[in-house]
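Contents: one structure, followed by commentary.
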Amino acid sequence: MIRKIDHVGIAVKNLEEATATYKALGFEVEEIEEVEEQKVRVAMLPVGESRIELLEATSDDSAIAKFIAGRGEGIHHIAINVENIEEALKKAKDAGLKLIDEKPRIGAGGKKVAFVHPKSTHGVLLEFVEG
Ligand code: CO
C-alpha cells in the first residue's frame, strides 16, 4: 500500500532562484505549476523515482509563506506515494493520528493528496499522494 517517497517538499522564497540553484547542482526541472488552492507555485525536479518539490508562496496567507516567516526556508514535508489514499487516511485516523485533511484534495499534477499533522508524526508534515 505504501509505494515510495513521492517527493520531498522544500519551502523557498523565490522559485526562480531556487530552481537556478538546483540546476547548478545538476538537477532538471520537470515542470512548474501553480496550485491555486494551496496558494503556491511548484517546481518538480526528478530524483530517480522520486522528486524534489520546490514550493513558493503566491500569497502572504499561504501555508508556505507562514512556514518561511516562522522557520525560514527548508524542508516542509515528505510525501508518501500510496495505492489508495482513502485507505491510507482511514488507517491513520484509526490509529488516532491527527489529520489536516479528512478527505483528499487535488494537489500538484492533479493528483489526490492529503496531509497528516506533524504533531502526530514526530514533527514531520506527512503528505499522502495517490497514483
Ligand atoms: Co507535496
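Both ligands and their constituent atoms are indexed starting at 1 by order of listing. The first residue of the sequence shown is numbered 1, and numbering continues consecutively from there. Computed from heavy atoms alone, side chains included, the values below leave out hydrogens, waters and symmetry copies.
- His76 lies apart from the Co ion (ligand 1) in this respect, since none of its N, O or S atoms is found at a distance under 2.8 Å.
- Judged by distance alone, the side chain of Ser120 and the main-chain N or O of Lys98 form a donor-acceptor pair under 3.5 Å.
- When atom types are taken as modelled, the side chain of Asn81 and the backbone of Gly131 share a donor-acceptor pair closer than 3.5 angstrom.
- With respect to Glu56 and Arg41, a salt bridge is recorded, a charged nitrogen being found less than 4.0 Å from a carboxylate O.
- Closest approach between the Co ion (ligand 1) and any N/O/S atom of Glu127 involves OE1.
- Ile80 pairs in a side-chain contact (heavy atoms from CB on, under 4.5 Å) with only one of the listed residues (Leu126, Val116, Asp6), which is Leu126.
- Residue Glu53: an N/O/S atom is found under 2.8 Å from the Co ion (ligand 1).
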